[in-house]
Amino acid sequence: MWSELRITSAPQLSISISPHLTALAMIADALAGRRRGLPELWRKAISSRVSPQGHQAVRPLAAPGYSVVPDSIVPRTPIGGDISVQAQIGALRDLPSDNLIKDLEQAFGQGPLPAHWRSAAERPARWLHGYTAALGSVWNTTEPVWRRARALLDREVRRVGVAAVRGGPELLLGALNSRIMYGERGLLIADVESSTFELGDRRIVLVPMLAGKDAVIVSLDHDEAVWIAYPVPGAETLWQRPVAPALDDLSALVGPVRADLLAAIGQPMTMSMLAAGMQVAPSSITYHCDRLSAAQLITRERRGREVWITRTQRAEELLEVFRR
């Protein structure tokens, strides 16, 4: 099945380096079950870092037979320029629960929601919290490989620039991915739901991602522009190490479990979330958190029955040193 973007004249191209779409592609592949070629070692590494609530929140993103998702999934599009994961997380945190419900109604109409989105509509604040936590955990695992991809991304910027200046956008668009074809009337994009759009005088924003070889994310209905996210050429060379390789030296300093703990706490998490996400016994999590607290790398705060763990500024600075 295909979605069609009809193009009647040479399209205007631009490029956005927006890593939050890489994180979204990772979520869909590693957590939601929409397999798009991410290596299994990376899939397992990402999955192990996300809490059960995060796993639950992302499941609707890859429901069989559906490709439409509410605009809340990408509250800040790459059309206006590069968007960081931190900015995306901030936008999701600030999003009123009512906005999610409105987005669901806009995406699926006024009738009954599809079954896979009903729990989000019933408890929107909980869903937003779970999805935001999952996004943060996925990015904590993925950010080191994003940093190593700088040369590939710079090369892609040059490639798109050459195509835009020299008038070869059709050739470039047809070679983005095996799931995108340039035909007589424009672009055909493999999709689980078919739809047809006219490009008109809108521009096309290309967003290279670090993702499985078959990962493609598109938005074809924005008034100002169309955006297409696709795997950056050469990304397969970066999948050799499955977990945050930039933290190897930190592992030698504080131990592998504590290094993984620090990396996992991108957002405040409970002890039970950490134990489940890392598949480590709660007693072991408590022991390692004691050591990290003594080193002033985390703080602990009891809220009701749960103890919430947060990285300190000292931990942030330490992680930054070992990510360089």
Side-chain angles (χ1 to χ4, degrees), residues 19-34 38-62 72-75 83-93 95 120 126-147 209-212 241-247 250-251 256-280 282 285 288-289 292 297-300 306-312 315-316 319-320 322-323:
H20 69 281
L21 287 166
T22 286
L24 178 57
M26 298 286 190
I27 285 173
D29 193 316
L31 304 181
R34 183 158 285 165
L38 190 68
E40 189 62 27
L41 285 175
W42 272 92
R43 190 176 287 122
K44 290 180 177 178
I46 289 169
S47 179
S48 69
R49 301 294 179 87
V50 177
S51 70
Q53 185 181 352
H55 276 270
Q56 184 71 26
V58 304
R59 286 176 185 170
L61 272 64
S72 301
I73 300 297
V74 188
I83 304 294
S84 70
V85 177
Q86 291 76 16
Q88 196 78 342
I89 289 173
L92 285 164
R93 281 178 177 166
L95 189 73
R126 177 180 173 82
W127 184 85
L128 284 167
H129 177 79
Y131 181 75
T132 302
L135 182 61
S137 297
V138 168
W139 186 241
N140 284 337
T141 307
T142 308
E143 184 180 16
V145 74
W146 178 265
R147 291 172 180 266
M209 302 186 295
L210 299 183
R241 292 179 283 183
V243 292
L247 297 180
L250 181 60
S251 297
V257 175
R258 291 172 208 168
D260 285 347
L261 266 172
L262 283 178
I265 312 171
Q267 307 297 321
M269 301 181 71
T270 66
M271 299 284 278
S272 57
M273 287 178 183
L274 283 170
M278 297 186 63
Q279 299 180 344
V280 175
I285 290 288
H288 289 294
C289 283
L292 291 172
L297 296 176
I298 64 168
T299 59
R300 290 182 283 195
E306 294 281 7
V307 176
W308 286 80
I309 311 298
T310 305
R311 283 198 307 237
T312 64
E316 299 291 349
L319 286 167
E320 184 63 26
F322 284 101
R323 282 173 176 158

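These values consider heavy atoms only, across backbone and side chains, with no hydrogens, waters or symmetry-generated copies.
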Note, Trp139 side chain near Ile89 side chain (heavy atom, < 4.5 Å): no

Shortest non-hydrogen contact from Pro75 toward Ser72: CD-O, 3.0 Å

Heavy-atom side-chain contact between Val138 and Leu24 under 4.5 Å: no

Spacing of CD1 belonging to Ile27 relative to CG belonging to Leu135, to within rounding of 0.5 Å: 5.0 Å

Note, Ser51 side chain near Met269 side chain (heavy atom, < 4.5 Å): yes

Electrostatic pair Asp29-Arg43, nearest N-O below 4.0 angstrom: yes

Short side-chain to backbone donor-acceptor contact, Arg311 and Leu262, under 3.5 Å: yes

Check: Leu210 main-chain N/O paired with Thr22 side-chain donor or acceptor under 3.5 Å: yes

Spatial distance of atom OG1 (Thr312) from atom CD1 (Ile298) [nearest 0.5 Å]: 8.5 Å

Minimal non-hydrogen separation, Arg126 against Gln53, with atom names: O-NE2, 3.2 Å

Leu61 side chain near Tyr131 side chain, heavy-atom distance below 4.5 Å: yes

Donor-acceptor contact present, side-chain Trp127 to main-chain Ala57, <3.5 Å: yes

Between CG on residue Leu292 and OG1 on residue Thr299, distance to nearest 0.5 Å: 11.5 Å

Pairing residues for Arg300 by the salt bridge (charged side-chain N to carboxylate O under 4.0 Å, His left out) criterion, not counting sequence neighbours: Asp290

Main-chain N/O of Ser47 paired with His55 side-chain donor or acceptor, under 3.5 Å: yes

Taking every non-hydrogen atom, the tightest pair across Ala30 and Ile46: CB-CG2, 3.9 Å

Min side-chain heavy-atom separation Ile309-Pro268 under 4.5 Å: no

Shortest non-hydrogen separation from Asn140 to Ala264 and the atoms involved: ND2-O, 3.9 Å

Those residues that, when tested against Arg258, pass salt bridge (charged side-chain N to carboxylate O under 4.0 Å, His left out) (two or more places apart): none

